[in-house]
Each structure stands twice: as C-alpha cells, then as structure tokens.
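Written out below as structure tokens is the structure these notes cover.
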Amino acid sequence: MTKDYNHPLYGRRVLHIMSPVRWSGPKFQHHGDSNYKVMVKTIKFLPMCHHTILVPTNNTIPDLGPNVTLVPFDYTQSVLSNRAYFNGKLLNKLTDWRGQDFDFIFNHQPELLYNVVNSIMSSRYGLTVECFNFFHWVDCTKSRVTDGYPEGFYRQLEAINWSYKSYFHCPVSKDYMKSNWDKRDYIVQGINDEVMDDKINYFPLGVGQFPDSEPFPNPAQGKKILLFNHRWNNSTGINKLIEYTEDLDRDEWLVWVTDENAKKPMAGKPAPKWMYVKNLPSGGAYRNLIEQSHATLCFVDNYMTWNLSVQDAIRLNKPSLAFKHPTYEYVLGEDYPLYFSNKDEFVDVINKIPEGKKFDWELPPHDEDFKNNLVGDLTHCLENSKKKHTSKTKYGVEWLYHILQGNGYKKNILYNSHPSLHKSNAWEGIRQWCLERGVKDSPNEVYTKLWIPEENIDDIKKIIDEAGNVDYKGDPLDESKRDPKWSQNFTSNKFF
C-alpha cells in the first residue's frame with residue numbers, strides 16, 4: 001500500500017469543518033482565505049491520513065491529492081452567521097456511517113463544535129472521535145463588531161472543554177479570552193488556568209514559499225514605496241497609517257495599499273487621494289512589488305492574535321516596519337529591530353533603512369513548530385485517549401477473518417456480520433479494535449477499507465485461531481454479500 005504504513009497516524013481519518021471568510025458574490029475565494037490556508041497546512045502535515053473536507057458548494061478549490069475528499073456543504077457567506085449556523089442534517093445526509101469513519105474532527109469554527117458533535121451522535125456515531133479546534137479569532141470586547149453583538153466566548157470555552165486539544169496562534173490569544181471578565185460580571189467567573197493550559201497548544205503560522213517574481217509596470221516613478229499589504233479596516237490600524245504618513249514628502253515617498261476596499265467608505269475611512277490603491281493579480285507580481293518596495297508597514301495597535309502579511313517582506317529580505325504589539329513577540333521575535341511605538345519613531349526608522357540593502361532577520365520556524373505540535377498531539381491522543389481504545393468486541397474476530405480474505409471495505413464486511421445494517425455506534429469500536437491489532441486503513445480510499453500488512457498476517461491468524469468457534473457469517477468472496485456500490489473498484493473522491 002505505502003512504505004509509511006508503520007506511522008502511528010497512518011490510515012487515520014479526519015473530518016474538516018471549515019471557516020470560510022472570503023467570498024466574491026456567491027463564490028468562495030480560497031486563494032485569499034487565511035483560514036483555508038491553515039487547513040491545507042494540516043493536510044500537508046498529515047499525508048498518511050485521509051481528509052474529508054466540507055467545502056463551500058461554489059468554489060474553485062484545486063485537487064488536493066488522492067487522500068483528500070471534497071464534499072460540498074452549505075456554509076453561509078456571512079462571517080457572523082458561520083459562528084452560529086451548522087447544517088447537521090446535511091452532514092448526516094452526505095455521510096454513510098455504515099461505510100465511512102472519522103478518527104478526528106478538525107474544527108476551524110470552535111463555536112460550532114457542540115452542533116457538529118451533536119449531529120454525528122444523532123446518527124449513532126462519534127464515541128471514538130476526538131476533536132481538535134483551531135482558533136482563528138477569539139471572542140472578546142476588542143474583536144466584536146459592535147458592543148451589542150451576542151457574546152460567544154462561552155461557546156468557545158465549551159469547545160475547548162470538549163476538545164482533546166485546541167490551538168491558539170500564541171499565548172496572547174488566551175489573554176484575550178480572559179479579558180472577557182475585565183469589566184463585567186457573569187454567572188461563571190473566569191477560566192481555570194490549569195485546565196486551559198492542559199487543553200491548549202499553539203499553531204504559529206509561517207508564510208510559506210513565494211512564486212517566481214513577475215515584473216510589472218511600476219507607477220512609482222523613482223519614489224520609494226511604503227507598502228501597506230494588509231486588509232483595509234479599522235482593526236489593521238488604517239487611522240494610524242494615515243496619520244503617520246500624511247506628512248511625508250510626496251516627491252520622495254509613495255504609500256501603496258494593496259486592498260482595493262480602501263476605495264470604499266464602508267470599509268472604514270477611505271484612503272486619502274495621495275495613497276496609491278492597487279491589488280496585483282498574481283503572487284509573482286506581489287512578490288515583485290515587495291522586492292521593489294523600501295519597506296512594508298503594519299499598524300495593528302489593538303486586537304491581533306497573529307499576522308502573516310508582516311512576515312512577507314522579511315522572507316524576501318526586505319524590511320517590515322511594525323507597530324509594537326505583544327503578539328509580535330511570537331511572530332517576529334522580542335528583539336526585532338524595526339518596531340515603532342509612535343510617529344516620531346516611525347519617521348526615524350524609515351529614514352534609517354538603507355535603500356537597496358538586503359535586510360537579514362531570521363523568522364522563528366513557525367510551520368515546523370505547528371507541524372510538530374499537531375502530529376505530537378494526535379499521536380499522544382491515540383496512545384492516551386480512552387476513546388481510542390476498544391478492549392472488547394463481539395464481532396472483532398469475524399471482521400479480522402473477512403479482512404484477511406480481502407473483503408476490506410467496512411460496508412462489505414457489515415453485509416456479512418450485520419446483514420440488517422441498522423446504524424450502530426458499535427461499528428466504529430470494532431474498526432478501532434482491529435486497528436489496534438495490526439490492521440491498517442487505506443488513506444487514499446474515500447470509504448473505510450481495511451487491510452493487513454504481510455508482517456502482521458501470522459499474528460492476525462493466531463488471534464483468529466485462539467478465538468475458537470466463531471460464526472463467520474457468509475463467504476467473504478461471495479459477491480451477493482457485497483453492495484455493488486462498495487466494490488473493489490470504488491475509489492472516487494469526487495462528490496461534486
């Protein structure tokens with residue numbers, strides 16, 4: 001099957017619940033969605049697993065590999081609505097629990113975890129599933145759209161409590177969570193730091209590789225470009241950006257904004273006319289723009305749990321000026337030399353940067369740390385979670401017998417061991433019992449397909465022999481005992 005089948009996570013199955021935030025009309029813009037990019041990283045970190053992703057129905061997501069199944073799902077196009085709405089009936093309609101299994105749920109919208117788990121439990125599944133949350137934002141006073149918007153941090157705490165691990169970008173996120181109790185009294189007061197610290201880990205994010213540079217007609221005409229490569233809204237510090245750059249010599253400096261929402265009043269204060277607002281059509285052109293810039297700018301001075309854009313220039317050996325913020329201690333490092341805290345420091349820093357000189361600063365190994373944390377936690381989960389160990393099963397030996405004969409699809413086995421095929425949460429435990437005894441699941445199969453490595457065959461035969469008189473219902477090779485839909489040729493991972 002694969003040379004990596006001895007990895008402890010080999011053949012494990014992950015259900016991904018997305019948090020899509022970037023849309024153009026009805027179409028999901030995956031290439032500009034940072035939450036999507038985090039999800040793809042987890043897939044790349046786990047090539048030995050099968051990944052089933054609930055994706056927005058209208059999308060242009062590319063093929064992510066033979067171990068990835070894309071399932072269309074009706075996410076709302078509202079970032080706010082996605083925090084409260086989950087169509088559990090559709091999830092169960094799209095999932096055949098007789099033929100599919102999930103070992104882990106990767107949930108990118110923590111407020112929805114109860115909805116997700118409740119949905120699968122209603123279909124008599126989920127007793128062996130462990131949940132992992134990824135916090136792309138933390139609900140607190142600073143992150144809410146308005147003071148009157150419903151507070152959701154209790155649902156986030158509930159998700160952490162229910163999960164095996166939940167991931168924050170950095171420790172500052174925990175401080176944002178705790179800040180909810182700064183000014184108000186609630187029925188439940190504060191959080192238990194000891195329990196919280198045991199439940200959380202971190203997913204720091206690096207920016208990855210850039211495409212080749214693509215030159216383009218540059219309108220700067222000899223001016224030094226200060227590039228604001230962030231979203232245009234109040235939370236990214238646009239008021240300070242305007243204030244700190246408005247007195248610069250227009251003949252010497254060009255302030256370039258890459259988010260064209262800066263032209264729209266509804267996205268906050270519109271960009272002044274002396275700023276140049278233009279997005280570039282490709283990653284190669286964006287890289288070339290950074291390479292031609294004097295520096296990139298970041299003015300976030302309030303809520304921020306992480307920042308990718310501030311790392312872009314540094315990866316290309318160009319300076320990135322950053323308003324000093326506690327989160328940057330984790331993103332850039334505590335001693336990063338280009339912090340500023342006020343307008344005078346900002347002007348002083350941009351004037352001291354030598355033009356055309358290579359800027360050297362080593363970013364922390366964020367993606368490597370993220371991968372190590374994730375793989376380590378999943379492995380720890382398999383070894384230590386009570387949900388991941390099934391000690392007794394009535395039908396386990398019968399399953400081993402069928403798998404040994406090549407009848408590996410879960411649903412085909414059930415046509416023999418459970419002919420009536422009523423839903424049962426015992427089936428996931430039988431599969432788990434088999435996996436613990438050396439059986440493997442096939443990561444490139446959409447549906448659970450079990451097999452036995454050659455070096456484990458004798459051990460499996462011994463378990464069968466020691467079991468004695470077992471009623472092996474049906475002939476594993478009898479085609480009448482198999483649903484034709486689940487034939488050996490059924491391998492498609494296309495649900496569209």
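Computed from a predicted model, the values in this text were never measured in an experiment.
- In this structure, the ring of F203 has its center no less than 6.0 angstrom from the ring center of F132.
- W306 has its ring centre no less than 6.0 Å from the ring centre of Y202.
- Evaluation of the ring pair (Phe, Tyr, Trp, His ring centres under 6.0 Å) test over residues 332-353, restricted to residues two or more places apart or in two chains, returns Y244-F346, F299-F340, F299-F346, F323-F340, Y336-Y339, Y336-W361, F340-F346.
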Review item, side-chain donor-acceptor pairs of residues 214-222, under 3.5 Å, at least two apart:
from, atom 1, to, atom 2, distance (Å)
E214, OE1, S282, OG, 2.9
N218, OD1, A220, N, 2.9
N218, ND2, Q292, OE1, 2.6

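- Residue D182 places its CG atom among more than 12 non-hydrogen atoms of other residues, nucleotides or ligands, all under 6.0 Å distant.
- Of the possible donor and acceptor atoms, none in the side chain of N82 sits under 3.5 Å from a partner among the backbone N and O of S19.
- Heavy atoms of other residues, nucleotides or ligands lying less than 6.0 angstrom from OH of Y114 number 12 at most.
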Step by step, work out the side chain to side chain donor-acceptor pair (under 3.5 Å) result for T296 and S320.
-> CA-CA 5 Å; T296 61; S320 182; 3.0 Å; yes
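- For K240, the side chain to side chain donor-acceptor pair (under 3.5 Å) test picks out D301, with sequence neighbours left out.
- Ring geometry for H16 against H108 counts as parallel: the plane angle stays under 30°, on a 0 to 90° scale with 60° as the upper cut.
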Please tabulate, for side-chain N and O atoms in residues 223-231, each donor-acceptor pair with protein atoms closer than 3.5 Å (sequence neighbours left out).
from, atom 1, to, atom 2, distance (Å)
K223, NZ, R250, O, 3.2
K224, NZ, E252, OE2, 2.8
N229, ND2, Y286, OH, 2.8
N229, ND2, S309, O, 3.2
H230, NE2, L297, O, 2.9

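- A distance-only check finds a donor-acceptor pair linking the side chain of E260 to the backbone of N279 [under 3.5 Å].
- The environment of CD in E194 is sparse: at most 12 heavy-atom neighbours from other residues, nucleotides or ligands sit within 6.0 Å.
- Between the E291 side chain and the L316 main chain, no donor and acceptor come within less than 3.5 Å of each other.
- Taking the six-membered ring where the residue is Trp, Y164 and H380 present tilted rings, their angle falling between 30° and 60°.
- At distances below 3.5 Å, not a single donor-acceptor pair connects side-chain atoms of E151 with backbone N or O atoms of D139.
- Remark: the backbone N or O of E383 is paired with a side-chain donor or acceptor of H389 at under 3.5 angstrom.
- Applying the 6.0 Å contact sphere to NZ of K371 captures no more than 12 heavy atoms from other residues, nucleotides or ligands.
- With hydrogens and angles disregarded, a donor-acceptor distance shorter than 3.5 Å links the side chain of W256 to the backbone of K278.
- Under the rule for a salt bridge (charged side-chain N to carboxylate O under 4.0 Å, His left out), the partners of K178 that lie at least two apart in sequence or sit in another chain are D193.
- Side-chain atoms of N67 do not come within 3.5 Å of backbone N or O of N444 as any donor-acceptor pair.
- Checked by atom type and distance alone, the side chain of N161 never pairs as donor or acceptor with a backbone atom of L157 at under 3.5 Å.
- Ring geometry for W253 against H294 counts as perpendicular: the plane angle is over 60°, on a 0 to 90° scale with 30° as the lower cut.
- With hydrogens and angles disregarded, no donor-acceptor distance shorter than 3.5 Å links the side chain of E243 to the backbone of K343.
- Considering only residues two or more places apart in sequence or on other chains, N302 meets the side-chain contact (heavy atoms from CB on, under 4.5 Å) condition with K142.
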